[in-house]
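Numbering of ligands and ligand atoms starts at 1, following listing order.
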Amino acid sequence: MRKTKIAGIGHYVPDNVFTNEDLTKYMDTNDEWIQERTGIKERRFGTKHKETTTTMGTEAAKIAIERANTTAEEIDFIIFATLSPDYYFPGCGVLLQRELGISKTEIGALDIRNQCTGFVYGLTVADQFIKSGMYKNILLVGAEMHSMGLEFSTRGRNVSVIFGDGAGAVVLQPTEEEDQGVLSSALHSDGTKAEILSLLSPGSHGGHYHENPEEFGFPDPNTPGGVFITDKILENGFHYPFMDGPSVFKKAVVKFPEVILETLKAIDKKPEEIDLLIPHQANLRISQFVQRALKLRDDQVYNNIQKYGNTTAASIPIALSEAWEEGKVKRGDLICLAAFGSGFTWGSCMLRW
Ligand code: UT7
């Protein structure tokens with residue numbers, strides 16, 4: 001039966017290392033707090049005019065394409081997952097196509113907005129295209145340039161200290177090998193508390209979901225236009241990400257193990273049979289909690305948040321790529337990719353490398 005394999009993988013992170021100490025120049029925070037609550041020591045920030053979400057994704061994609069022994073011209077579909085796109089629209093998929101110089105092939109490009117779960121959602125969508133025979137060489141990219149949109153002040157510190165920039169990419173191809181490829185996946189969401197981890201403006205909500213729409217400074221409801229960015233939005237910081245961290249944490253530590261067990265059950269496997277779990281790098285404490293809940297050994301879980309912070313849609317492909325480069329992912333290994341984040345959305349994929 002045809003399945004989907006990762007034929008090539010690569011990642012790119014900016015050279016610019018930003019330590020916890022560096023953050024203290026902009027906000028009231030300290031290395032001890034950040035390390036104790038998140039495990040993060042440093043992160044990478046892109047350089048303006050030099051790097052964007054798309055250009056970082058392009059660098060990662062070039063490596064993945066080379067390692068898959070293929071060429072950009074052979075790619076027949078693009079999927080790009082990010083919450084920090086270069087433009088509000090069009091999405092990064094077409095920009096990546098342009099950067100790779102393959103616009104002439106006129107292949108489709110799909111943009112995914114599932115935040116931290118973007119890569120798992122993207123992989124599951126790609127898997128259906130490949131299994132159905134529609135495409136044979138899909139380029140899936142997760143990339144984020146968070147630093148352009150974070151609030152570097154004490155008001156935004158609970159969010160700003162967590163996030164970092166980077167990109168990861170995979171080339172997905174069909175395989176007929178019995179012991180290889182994506183084996184199971186599960187995708188979930190619960191939008192009842194969508195604003196708990198959100199960036200509200202610019203957006204078309206017009207204050208609709210809010211008790212006090214005046215906070216957004218919207219003009220007379222009957223006057224069209226002029227509502228994307230108002231003085232009040234800037235003043236109240238609704239153009240920056242907002243997170244109720246403890247609520248996200250509490251839900252994450254329940255849903256991560258739950259969805260991993262769901263995808264394990266689908267293939268009749270147990271946690272002890274996982275060779276490597278790559279959890280979305282949201283917070284080292286969350287990963288450790290998941291590890292304990294599933295009774296996994298240290299060598300069964302890969303974490304690199306200490307170096308990169310939370311890179312949202314990029315975190316799983318960056319970690320998978322690093323683990324592969326370090327020889328921790330080998331042919332035949334049972335790999336679990338799992339994520340939870342804004343939406344809320346969460347999901348997991350089990351694959352045999
Ligand atoms: O990938 C997307 C999904 N996101 C997540 O999974 C994030 C989940 N949540 C978390 O990781 C944690 O909730 C955080 C790391 C964001 C925060 O840790 P916490 O232990 O939940 O802290 P808290 O928000 O409850 O804040 C505790 C205290 C507060 O001070 P008071 O009210 O106790 O005086 C905050 O104002 O820590 C303060 N604080 C900080 N202090 C120093 C918040 N941010 C900082 C900071 N530096 N950066």
Side-chain angles (χ1 to χ4, degrees), residues 18-43 81-84 112-121 142-144 146-147 149-166 168 188-191 193-199 237 240-260 278-291 293 303-306 308-319 337-348:
F18 220 78
T19 65
N20 293 344
E21 192 58 35
D22 292 331
L23 289 170
T24 64
K25 291 176 205 146
Y26 301 89
M27 59 193 83
D28 178 13
T29 190
N30 57 78
D31 179 52
E32 197 190 347
W33 190 97
I34 301 171
Q35 285 212 47
E36 198 180 296
R37 310 269 176 151
T38 70
I40 300 165
K41 294 185 172 140
E42 59 191 37
R43 73 286 293 140
T82 186
L83 68 65
S84 51
I112 295 222
R113 296 191 50 180
N114 280 80
Q115 299 70 251
C116 307
T117 340
F119 189 80
V120 172
Y121 266 73
E144 304 287 356
H146 285 307
S147 58
L150 296 172
E151 185 174 20
F152 285 93
S153 73
T154 299
R155 181 174 69 172
R157 65 182 178 175
N158 73 319
V159 174
S160 305
V161 302
I162 293 177
F163 292 98
D165 300 342
H188 295 283
S189 70
D190 172 3
K193 301 219 172 91
E195 288 80 11
I196 266 184
L197 176 47
S198 60
L199 194 155
Y240 290 122
F242 167 83
M243 178 167 72
D244 171 356
S247 299
V248 179
F249 196 104
K250 279 182 209 142
K251 187 102 175 173
V253 295
V254 173
K255 291 299 168 189
F256 258 113
E258 197 178 283
V259 74
I260 292 169
I278 311 241
H280 160 54
Q281 301 291 291
N283 180 328
L284 190 61
R285 304 289 158 254
I286 294 178
S287 295
Q288 289 166 337
F289 201 99
V290 175
Q291 180 178 340
N303 289 302
N304 62 4
I305 190 171
Q306 301 91 330
Y308 303 131
N310 178 343
T311 56
T312 308
S315 93
I316 289 179
I318 291 176
L337 312 177
F340 177 91
S342 162
F344 297 122
T345 61
W346 61 100
S348 171

Atom 44 (N) of ligand 1 protein-contacted (non-hydrogen atom, under 4.0 angstrom)
yes
Heavy atoms of the protein only: does one fall short of 4.0 Å from atom 34 (O) of ligand 1?
no
Would you kindly specify which portion of L197 sits under 4.0 Å from ligand 1, judged on non-hydrogen atoms: side chain, backbone, both or neither?
side chain
Stepwise side chain to side chain contact (heavy atoms under 4.5 Å, CB included) test for Q35 and L284
CA-CA 9 Å; Q35 285 212 47; L284 190 61; over 6 Å; no
N310 side-chain N/O to S315 backbone N/O, donor-acceptor pair under 3.5 Å
no
Near N158, which atoms of ligand 1 are under 4.0 Å from a heavy atom of that residue?
16 (C), 43 (C), 44 (N)
Taking only heavy atoms of N310 into account, list the atoms of ligand 1 that are under 4.0 Å away from them.
1 (O), 2 (C)
Checking T117 side chain against G347 main chain: does a donor-acceptor pair fall under 3.5 Å?
no
Does CZ belonging to R113 count more than 12 external heavy atoms closer than 6.0 Å?
no
Does atom OH of Y26 have more than 12 heavy-atom neighbours, drawn from other residues, nucleotides or ligands, at distances under 6.0 Å?
no
Using a 6.0 Å cut-off, check whether atom CD of E21 has over 12 heavy atoms from anything other than its own residue.
no
Go through ligand 1 atom by atom and flag the ones less than 4.0 Å from a non-hydrogen atom of H280.
1 (O)
Does S147 offer a backbone N or O that forms a donor-acceptor pair with the side chain of D165 under 3.5 Å?
yes
Say whether I162 and ligand 1 are in contact under the criterion: heavy-atom distance to a ligand atom below 4.0 Å.
yes
With respect to atom 18 (O) of ligand 1, which of F249, W33, F340 exhibits the smallest heavy-atom separation?
W33
Pick from N30, D31, T38: which one makes a side chain to side chain donor-acceptor pair (under 3.5 Å) with N20?
D31
Any salt bridge between D190 and K255, counting N to O under 4.0 Å?
no
Counting from 1 in the order shown, the ligand 1 atoms closer than 4.0 Å to a non-hydrogen atom of C116 are 1 (O), 2 (C)
Can you tell me if Q115 uses its side chain to pair, donor with acceptor, with the backbone of G341 under 3.5 Å?
no
Assess P246 for proximity to ligand 1: is some non-hydrogen atom of it under 4.0 Å away?
yes
Between G245, S342, S160, which one has a non-hydrogen atom sitting closest to atom 8 (C) of ligand 1?
G245
Enumerated ligand 1 atoms positioned under 4.0 Å from heavy atoms of V161
48 (N)
Considering only the protein, which heavy-atom contact is closest to atom 29 (C) of ligand 1, and what is its distance?
R157 NH2, 4.9 Å
Intermediate values then yes/no, side-chain hydrogen bond (donor to acceptor under 3.5 Å, both in side chains), S84 and E144:
CA-CA 6 Å; S84 51; E144 304 287 356; 2.5 Å; yes
Please indicate whether F18 has more than 12 foreign heavy atoms, meaning atoms of other residues, nucleotides or ligands, lying under 6.0 Å from its CZ.
yes
Scan the protein's non-hydrogen atoms and note whether one is under 4.0 Å from atom 25 (O) of ligand 1.
yes
Nearest non-hydrogen protein atom to atom 19 (P) of ligand 1, with distance, is R37 NH1, 3.7 Å
Q281 side-chain N/O to P279 backbone N/O, donor-acceptor pair under 3.5 Å:
yes
Quick one: which ligand 1 atoms are inside 4.0 Å of a heavy atom on T38?
15 (C)
Enumerated ligand 1 atoms positioned under 4.0 Å from heavy atoms of A282:
1 (O), 6 (O)
Heavy-atom distance from atom 37 (O) of ligand 1 to the protein below 4.0 Å?
yes
Ranking T117, N283, I286 by closest non-hydrogen atom to atom 6 (O) of ligand 1, top hit is I286
Who's the nearest protein heavy-atom neighbour of atom 48 (N) of ligand 1, and how far?
T29 OG1, 3.2 Å
Should M243 be listed as contacting ligand 1, given a heavy-atom distance under 4.0 Å as the test?
yes
Nearest protein heavy atom with distance in Å, relative to atom 5 (C) of ligand 1
V248 CG1, 3.5 Å
